[in-house]
Structure formats: C-alpha cells, structure tokens
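Please read these numbers as outputs of a predicted model, since none were measured by experiment. Every number for a ligand or one of its atoms is a count from 1 in the order of the listing.
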Amino acid sequence: MDRIRIVGGQELRGTIPISGAKNAALPLMIASLLTRETLTLGNVPNLADVRMLVRILGHHGVDYSQNGRRAGEDAHASRPIHLSARDIVDITAPYELVSRMRASFWVIAPLLARMGEARVSLPGGCAIGTRPVDLLLMALEKLGAAITIEAGYAHATAPRGLKGAEIDFSKVTVGGTHTAMMAAVLADGHTRLTNAAQEPEVVDLAACLNAMGARIEGAGTATVDIHGVGSLHGAYHNVLPDRIEAGTYAMAAAMAGGDVLLDGARPDDLRAALDVLTRAGASVTETNAGVRIKRNGAGISPVDISTAPHPGFPTDLQAQFMALMTKAKGASRITETIFENRFMHVQELARLGARIRLDGDIATVEGVRSLQGAPVMATDLRASVSLVIAALAAEGETLVNRVYHLDRGFEHLEEKLGRCGAVVERLSSPG
Ligand code: EPZ
C-alpha cells in the first residue's frame, strides 16, 4: 500500500489549481440514469470514488467514455466524460458495490423514477457515524413509492409512476435533497422540498437537471420547487470547483505559512471557512482567478467553530481546521454537529504532539509550539488530509499510511503541494 512522506517546515508559495468537486460529480454522474440520452460532464476529477461509480453505473447499463487527450494538453487537465444510460439493464444495486461507496445508494432515486422499481443495498454505517437513510426513503415514500426492507436491501416500487408531494426534511440532508430532486423531476405534478440542503453541490445538480429538461427552482435555498416533466434529455454540464479541496489547501497554507493562490476556487462557496481563516490570522484575498491565502510571520490565533449545514462551517473541513488549531496560540473549541463520530483524527494528531481533549461532540484543542513528525494513519478521507496539513508544519518526517483514503477525494495531492515547495512524496510499495 502506498504511503505519503512529508518533511515539514517549508512555507507554501505558488498556485494550486482546484479540481472539480467530488461531491458534485457523484450525484451528477448518477443523474445520467434519468435519461436514455448522453450526459456529458466536464471538469470531473480523476478520483478513486469517481472510478468506482463508473463501475457501479456500468452495472446498471450505463456506457462510459472519455475524450482522448489532445496534443499538447496538460496531462492533468480533466477531460469530459460521457455517460449514456440508453437501456437500464439491472435495477438492483448489490451490496458488494454499495458497501464500497455510500453515495451509490442514491441510484435508488433515478432507477425508481425511470423504471418504477429499484432494489438497492442499504449502505450500512461508516467510519464517521451511523449515517442512516431514513430521510431518503421518507422522501421517496412521500412521492408515492412503496418501500420494503428485505434482506439488507431497500426495495422501492412505483408501478404507476411517482406523484409530486410536499416533502419536509426534519434534518438537513444533502443526500436526501439530491435523491428527492432526482426522483421528483420525473414525477407527475409539483413537489416542494422544505428544509432542503443548500450546499453548492445541490445547486450544481439542479443546474444540470435543468439543462437536461427538468424544471427546478429555488435550489440553494431551503425551499426547492420541482415541476415534474415527462422525460429528460442529454446535456453538457461542467462540475463546479471543489470547495472542500480549496478549503483544505487554504488551511494548509495558513498552517505552513506562505502565499498560495487557489486557482478556480469560488469564495462564495467557502465563505464560512474563509471568515474563520481570517479570524485565525491568515490574509484572504478574492481575486479574479480565485482565492489567495497568505500568512507571513504572524502566529495562528485560536478560533472556536461549530460545524453546520451550508452556509455554515462544513463538517468536511472540520478535521483540517483542527490540524491548524493544533499550533494556535491558545485554546480553541471545535464542535461537530453533523456526524457523531467524526473525531478519528484526534488520536493521530496526538501522535504528532497535538494536545486535544474530547468531550462528546466537542474537541478542545490546546495549541502547542511545535509538532513532531511520526507515522500516522486515518480511517477517512478528510481525517487523512488533516494529518497531511499537520505534517506540513511538523518538525521532521511524517509518514501518512492508508493513502487510498486520500486518493478517494484529492486529485494529485502530492504534486499540488510539491509545486508550492512542500517536501512531499508518494512511496509506492508493491501489492
Ligand atoms: C454528504 O453526505 C457528503 N457526501 C459528505 O461528504 C458530507 O460530509 C455530508 O454530505 C454533509 O455535508 C457526498 O456528497 C458524497 P447528509 P450525506 O445526508 O449526503 C443525517 C466527504 O468526506 N441523516 O447531509 O450522506 C446524517 O446521519 C463526505 O466527502 C439522517 O439522519 O450527508 C448526518 O447526521 C463525508 N437520515 C446528517 O443527516 C438520513 O436519511 C447530514 O447527512 C440522511 C442523513
């Protein structure tokens, strides 16, 4: 298994291109199941999760192809992918596939909307929490689906099609909002979602569905209206830039010091995190190209945060922010309100010398003067990258194990950091 070796202590200076957002690409790819025609997606990141989803969609009958690289094209430029679900050949998403990537459960919505039936394995728990799907199933039931749970599978049927409905989410859920939108676009009549997720990825999915002929209004607010249409057609859509990747490198620049341009980052999607970074002592400038983060000389100030649905501080940046706070001049409190078990990075950060006390959903981070490199590993994507951030400011060498977690969500991580002066390399090991 590959590892990443980092020698800390270098400032970061340069430009980091921000890739397309993983968490937008996944639902957008799943939306291809809604039409017989080809959905072309630009700016799709080349990540393990995307490759896995291509396999999963292939199982349902989706043909996948990618444009060839043109002469002289940057080897890292992402090439448009084409997804064609001309015929759905299987309405079952088996355990072996869904258990490898939770978001693949969302195929239940387009399969049900288009075929009147879907059988999808329940995803089960994961490293960051129990992560139930009750609200996703509630939304489909409101739209008229009959759902039974049989042998670990959710079996949803709507032989006479789905019907528009009022769907009120008792808790904000990104996956619930994605699935309700994908199901309601082909339902008969009007659907209104209330307490919907307002994440930029929801807005991106709605924009793509509208380009495919759907009629969705209000995405990005708490109330989303969907007027059902008879069928969707093919479209071209560019995946939005990854706000979590941008936020991660912003934290890295604040941690290591220096001056980094996050090329392509959209500041409006990152407002809460950028405000917190400013309060922590980084200088944040919005430019035509993206966002520039600088920290020269001044120390890091402690800031208390609490994660919240968008536009609040994203849970997907909580681990990275905690890494930054480990070197703050004082104590900070980090409250995780979205997932009950998203503190696995705490013990690993402690291996680097961090002082963190956990009490339920609150972590109190006592900043230390210096961190020391060590071998570390983590059990999820964002936790892993928090260790990379800490390692950039640690004395000596850190070896981050289980790099496959990073490969699920960060494209060309070591090249992007290396180009800004970080000493970082991938150590490949056979097998
Ligand atoms: C999405 O997960 C993201 N995944 C997560 O990113 C992200 O952390 C999360 O949204 C919150 O922003 C993708 O987009 C692929 P939720 P999702 O439904 O949709 C509870 C990463 O690192 N809930 O918004 O699964 C749930 O347990 C990943 O890239 C229910 O109770 O998250 C959680 O407490 C990790 N019942 C809260 O809602 C349900 O039926 C928010 O979850 C559904 C959710």
With heavy-atom distances below 4.5 Å as the criterion, would you say the side chains of Arg382 and Phe410 are in contact? yes
Has ligand 1 got any nitrogen or oxygen that is less than 3.5 angstrom from a nitrogen or oxygen of Ala103? no
Counting only nitrogen or oxygen atoms and a 3.5 angstrom limit, does Thr173 reach ligand 1? yes
Purely on distance, is any nitrogen or oxygen of Arg102 under 3.5 Å from one on ligand 1? no
Nearest-neighbour protein heavy atom for atom 36 (N) of ligand 1, which is reported as residue plus atom name and distance: Asp134 OD1, 2.7 Å
Does Trp106 reach ligand 1 with a nitrogen or oxygen that is under 3.5 Å from one of the ligand's nitrogen or oxygen atoms? no
Has ligand 1 got any nitrogen or oxygen that is less than 3.5 angstrom from a nitrogen or oxygen of Leu381? no
Hey, is ligand 1 close enough to Val174 that some N/O pair sits below 3.5 Å? yes
Test of proximity, Ile338 against ligand 1: N or O pairs below 3.5 Å: yes
Would you please name every residue forming a side-chain contact (heavy atoms from CB on, under 4.5 Å) with Thr173, sequence neighbours left out? Leu135, Leu136, Phe169
Backbone or side-chain N or O of Gly176 under 3.5 Å from ligand 1 N or O: no
Just checking Glu286: does its CD atom have more than 12 heavy atoms from other residues, nucleotides or ligands closer to it than 6.0 angstrom? yes
As an exercise, identify every atom of ligand 1 less than 4.0 angstrom from a heavy atom of Arg342. 8 (O), 22 (O), 35 (C)
Please list the nearest protein heavy atom to atom 25 (O) of ligand 1 with its residue and the distance rounded to 0.1 Å. Arg131 NH2, 2.9 Å
Per-atom filter on ligand 1: closer than 4.0 angstrom to a heavy atom of Lys22 are 21 (C), 29 (O)
Measure the distance from atom 11 (C) of ligand 1 to every protein heavy atom, then report the residue, atom name and distance (to 0.1 Å) of the closest one. Thr315 CG2, 3.9 Å
Report, in ascending order of atom number, the atoms of ligand 1 lying under 4.0 Å from any heavy atom of Gly175. 18 (O), 19 (O)
